[in-house]
Amino acid sequence: MMWFSVFFVFFFFKKRQKANPQIVSCALYFPGSVVRTFTPFHFLVEPMDVLSVRGASVIMNCSAYCETSPKIEWKKDGTLLNLVSDDRRQLLPDGSLLINSVVHSKHNKPDEGYYQCVATVESLGTIVSRTAKLTVAGLPRFTSQPESSSVYKGNSAILNCEVNVDLAPFVRWEQDRQPVFLDDRVFKLPSGALIISNATDMDGGVYRCIIESGGTPKYSDEAELKILPDPEEPQSLVFARQPSSLTKVTGQSAVFPCVAVGFPTPYVRWTRNEEELTTEGSERFLFLAGGSLVISEVMEEDVGMYTCIADNGNETIEAQAELAVQVPPEFLKRPANIYAHESMDIVFECEVTGKPTPTVKWVKNGDMVIPSDYFKIVKEHNLQVLGLVKSDEGFYQCIAENDVGNAQAGAQLIILDLDVAIPTLPPTSLTSATNDHLAPATTGPLPSAPRDVVATLVSTRFIRLTWRTPVSDPQGDNLTYSIFYTKEGINRERVENTSRPGETQVMIQNLMPETVYVFRVVAQNKHGPGESSAPLKVATQPEVQLPGPAPNIRAYANSPTSVTVTWETPLSGNGEIQNYKLYYMEKGQDSEQDVDVAGLSYTINGLKKYTEYSFRVVAYNKHGPGVSTQDVVVRTLSDVPSAPPQNLTLEVRNSKSIMLHWQPPPAGTHSGQITGYKIRYRKVSRKSDVTESIGGTQLFQLIEGLERGTEYSFRVAALTVNGTGPATDWVSAETFESDLDETRVPEVPSSLHVRPLVTSIVVSWTPPENQNIVVRGYAIGYGIGSPHAQTIKVDYKQRYYTIENLDPSSHYVITLKAFNNVGEGIPLYESAVTRPHSVPDPSPMMPPVGVQASILSHDTIRITWADNSLPKNQKITDARYYTVRWKTNIPANTKYKTANATTLSYLVTGLKPNTLYEFSVMVTKGRRSSTWSMTAHGTTFELVPTSPPKDVTVVSKEGKPRTIIVNWQPPSEANGKITGYIIYYSTDVNAEIHDWVIEPVVGNRLTHQIQELTLDTPYYFKIQARNSKGMGPMSEAVQFRTPKAESSDKMPNDQASGSAGKGSRPVDIGPDYKPPLGGSNSPHGSPTSPLDSNMLLVIIVSVGVITIVIVVIVAVFCTRRTTSHQKKKRAACKSVNGSHKYKGNSKDVKPPDLWIHHERLELKPIDKSPDPNPIMTDTPIPRNSQDITPVDNSMDSNIHQRRNSYRGHESEDSMSTLAGRRGMRPKMMMPFDSQPPQQSVRNTPSTDTMPASSSQTCADHQDPESTTGAYLANAQEEDSAQNLPTAHVRPSHPLKSFAVPAVPPAGSTYDPALPSTPLLTQQAPNHPVHSVKTASIGTLGRTRPPMPVVVPSAPDVQETTRMLEDSESNYEPDELTKEMAHLEGLMKDLNAITTA
């Protein structure tokens, strides 16, 4: 009945084990029975790999089953966790491990690692689970971000968002700040990129990707996707995203993106290993909209080459990618439970498969099994246990692992008592030495002990035993024998069985020499094993006739390269010692060297410094080598390093510091423990240097306190306790002139060029245009179809790189990014197809050197160079030619222009003025070409502006209707630095340009105020720009009408509405009133009688006659005083005036005392300008009458004083009053680049400005006291401290314009503290009222509005005479003759007027 119960349990257990093959067992004891059986003991749930984020909570699942509840513990990285005192990690009731708030930082990662669940049943054993990896994702970081793009309707769009690999699952997308819902048309790649297939108008918008890994989400840059309508013309077919080769683990999903764009919209199909791939009948293969392929639950048979083929009817393109599949370990054969007796040898079998091939290790009761004499790994994966003892009982697990996973399977070993037969269920796994024990035991007599066990042959390595049959069975034909043996003092017995029944001898092999073994023999019949023989002790033979080990071996270092070894004579040597062999070996090496020694000591020289060596000695006699001594280890003494540090690099941090990085000297050259490094540096221009020492093993140092823009040399040497080793070569770097910005990543490189060869691609580039951001280097990425396969980083000084070991005829995508310590900048992409292998790759020629750019003009630059592949005379004798290319970086996307030349120079024409160009040259000879040379730069000369100022606008100033503000923008074709502007304005758009009023403005201003304009009057404005080369064209006329009304606070200044005096009432004039020719209102509004009009006409005629007389006198006087030298000088002045050059300053020349104004002879109101520039303006623009103040006599002497007192003040607004301008020819242009603008200063005038002469004398421009323009005869000139613009003056005779100076009153003073005060508001206290009449004199055919004419007081005779004397020597006789003829015509006009 008992055996029935046992077999029933076995049967039940086998069914359970087949249902769950991971079941090991849990031993079950039957009270009163002698057989223990197996019951399930296994893991219900094992921990799996987990990806977490910092601060999150993680559960590592684990649950084990046994009828006796197991105890669950956890190991991390092989060490048991103490969860009792851990406040963050705790054990859940089911055995799972909870980790609260995962901790993870750069230097502290206590939670990341490998976890293993350990289940223990008391008194039975322990099993361990598979190992699970907990990975904590790093900080969110974008390796690439989405960029704005456009796509044709129906095509596919890609938005990149590359992130850390472990953060890709946490990426999601938003469109216009709303979540993007994914499907088979809009899907996300494993890398995080978003693909939108069959784009519609609804897909347009602003996209961004988000990393949500716990904590604050991290947002990428926003990128706008525009949907374009279908193009009318076909678009070439290209891949927007090609598939890249993948390596996946079985069960994962594989995504092959394939996005082709073009018009017509392409159709995409796939092949695998050149066979058409269809999704019909397969649930694992899915074609997404747009052509991408998704393989779910990847299997091992999915490996192969996948090809994406895009076809739109016009053309076909294809791209390939390979899928490799890795397989976690799987068990083909699991270990089986085993019953055994003590002293047996058993084997646990374990057969695994996987890709890559898994490694196998064994665990017993949770502890690693270390191979030894009794535990051996056989047939790669099986575990053999020799000579079982009771303590070997327990649970054995086979753990298989490879790069993609691990798995475990286990079995239990139960050791039965010797009198208990081994059950046949379950089948055991025993060695051939114990197979005889598998026979089922039956009840019957057992054999007695074998007799006379003796060792008939004893050697050093084996023993032969013989015995007689037991007394109980003298024949012994059916008996088998087991021979148990062990080393004396060791309780683990091994067993050896006889090979056939009835055999009474056995050979025990693989023994150790000179070792005592204990043997006993047990006979076994069909009923079981019998009694054991008495123990027999046998000692194997020693290795006879050989010396023993030499005692007291010692080794000590004498120097860094020598060691002395001493020993004594062996005590147990059999025979005379002939010599010794000293073996020595460097630690960590596997090759041993030896030297023959006759004595008992030896010194070995030529060893490596500060290196550990092991030494041993073997004594020799006539029979050969004896027993070796134990190894002794000694390290040679240290010394100074024998080599300098490696890879010294300099990184310029800013204008005052340089960071040094280096590596230790090569291994084997340290000659001791490196205790520090010594840095020496100096200016390149000096010989003395500075030394700075660093302790410890620090491999970098920041050198600060350097000078700006200075080149320094550095060298580094390693230190040991013995001293300083050799130093590196001097390495130089130059500090920055000014500190560069490293708070942001560099900008995109300005250009990227690729030149494909057969197996390499030459990449060249230029740095980012913004040179104010630090660039530490460049990252070059490249790959077939994707630039992310390989990445190479080069120094920031490098401008080209050759990518080697490429495949011929392959399409490579290349990306270039500049980087610094903040990160990598925006990439620049380029693609290239390597050449076919069949075409021999000609070696490239050397590029031209010494490229120089010589600027010849505003549009021409000569490029010269040298060719090192030519002879020294640089004579070209073959068919080579040179290609010159040039471009400007403004705008940034400008393409190169090229030209070929057969000489060593080229004239580049048609360039833009004042523009920086870069030039490079390459040489071509046959099929061989060089790379582009180093670039040369040149900036063309300036040219006069070729376009007018743009965006000219005129607006009225708020609250001041008489003041307008002119705004403009610089010319689009300035062709140089704008140094000034001239504003022309007039009320007659058709007037001759010399009749317009001009306003000079400095070149750095784009706005200007003009004051005191007439109300309700249309004005026309033009602007002209100037640079150092001259004047540009004028802008189109802009019209502006001043307002009709004027504010009450300006009334006292108005000419037409001024009062006649204190308390007088303005005359009421009707709206239709037109003043007669002979009468007009005075400047103060007093009525003028007809008698006053007649008086005015008499005065006019008198003045005309006097003018003619004066001119005749001047002409006669000038003729007599003319010398040949003065003729030349005047001729030069005339030439200057005639060619529109600026006139010089002359403060001594005053025009004649004539008030006839220009050829038109119009009688105009005469007023004084508050503008600081003494510019004379001749204009028909109507002005209001101004109050007249007598001129101060002292003003002429104060000019120099006022000029010096106003220097250095910049004007807030460049203001000008039209009513306050002196009469002037309108062709003047002032030199705006002479001096910085100064504060405008207005002095208190004593009279209105007289019509000034537009004639200018040729003055010395180098005279710093000279002023520009003509002075009035009374010398009342206001002087601003700024240098005034020189005027382009249309040629006119000096006598065509005259001014009559007024009599200056006494006591008039000048107040310099009144800047920007309009002149017209300041009046002298005792102001004589002058009569004003309206006259229309000049061109009779032209209708003009009546103008009030101010009749000035006559000047003093003495002053007038002085003026005539000063001017009489400045005019040629022939010029005066012409002027006389002109004045005669004027007199006729005056007579006609008088008669009328």
Does [Y] offer a backbone N or O that forms a donor-acceptor pair with the side chain of [X] under 3.5 Å?
X	Y	value
T126	T120	no
S253	S296	no
R130	N406	yes
S220	C209	yes
D176	Q178	no
E300	T250	no
E46	T131	no
Q646	P664	yes
N820	R744	yes
N61	P47	no

So, are [X] and [Y] salt-bridged, with charged N and O less than 4.0 Å apart?
X	Y	value
R284	D302	yes
R185	D203	yes
R177	E222	yes
E824	K817	yes

With side chains defined as the heavy atoms from C-beta onward, is the minimum distance between [X] and [Y] less than 4.5 Å?
X	Y	answer
F285	L293	yes
I195	L189	yes
F819	K793	yes
T359	E401	yes
R88	I99	yes
V298	V249	no
E174	I210	yes
V84	D86	no

Residues C350, F331; criterion side-chain contact (heavy atoms from CB on, under 4.5 Å); working and verdict: CA-CA 7 Å; C350 179; F331 288 100; 3.6 Å; yes
Roughly how far, to the nearest 0.5 Å, is the [atom2] atom of [Y] from the [atom1] atom of [X]?
X	Y	atom1	atom2	result
Q116	L81	CD	CG	11.5 Å
H670	Q673	NE2	CD	9.5 Å
T247	D403	OG1	CG	11.0 Å
Q698	I674	CD	CD1	14.5 Å
W765	Y778	CH2	OH	7.5 Å
L159	K188	CG	NZ	13.5 Å

May I have the step-by-step check of side-chain hydrogen bond (donor to acceptor under 3.5 Å, both in side chains) for Q663 and N647, ending in yes or no? CA-CA 6 Å; Q663 295 297 320; N647 303 329; 5.9 Å; no
Relative to each other, are the rings of Y207 and W173 parallel, tilted or perpendicular (30° and 60° limits)? perpendicular
Give the ring-plane orientation class for F395 versus F41, where under 30° counts as parallel, over 60° as perpendicular and anything between as tilted. perpendicular
Go through the side-chain N and O atoms of S96 and D94 and say whether any donor and acceptor fall under 3.5 Å apart. yes
Between S657 and N654: side-chain donor-acceptor atoms closer than 3.5 Å: yes
Tell me whether [X] at atom [atom1] has more than 12 heavy atoms from other residues, nucleotides or ligands lying less than 6.0 Å away.
X	atom1	result
L702	CG	yes
N82	CG	yes
K75	NZ	yes
E769	CD	yes
K133	NZ	no
E301	CD	yes

Write down the atom of [X], the atom of [Y], and the distance for their closest heavy-atom approach.
X	Y	result
A254	L323	CB-CD1, 4.2 Å
T815	P787	CG2-CB, 3.5 Å
I72	L91	O-CD2, 3.4 Å
W662	Q701	CZ3-N, 3.8 Å
V102	D111	CA-OD2, 3.4 Å
P243	C308	CG-CB, 4.3 Å

Run the numbers on L660 and L648 for side-chain contact (heavy atoms from CB on, under 4.5 Å), then give the verdict. CA-CA 7 Å; L660 280 69; L648 173 60; 4.3 Å; yes
What pairs of residues pass the salt bridge (Lys or Arg N to Asp or Glu O under 4.0 Å) test when at least one of them lies in residues 774-788, not counting sequence neighbours? E651-R776, E742-R776
Those residues at least two apart in sequence (or on a different chain) that pass ring-ring contact (aromatic ring centres under 6.0 Å, His included) with Y812 are none
Under the criterion side-chain contact (heavy atoms from CB on, under 4.5 Å), I'd like the reasoning laid out for L97 against L92: C-alpha separation, chi angles, the key distance, then a yes or no. CA-CA 6 Å; L97 178 64; L92 300 180; over 6 Å; no
Before we go on, tell me: are the rings of Y396 and W362 under 6.0 Å apart, centre to centre? no
Quick one, V327 with N402, criterion side-chain contact (heavy atoms from CB on, under 4.5 Å). Give me CA distance, side-chain angles, the key distance, then yes/no. CA-CA 9 Å; V327 183; N402 62 8; 5.8 Å; no
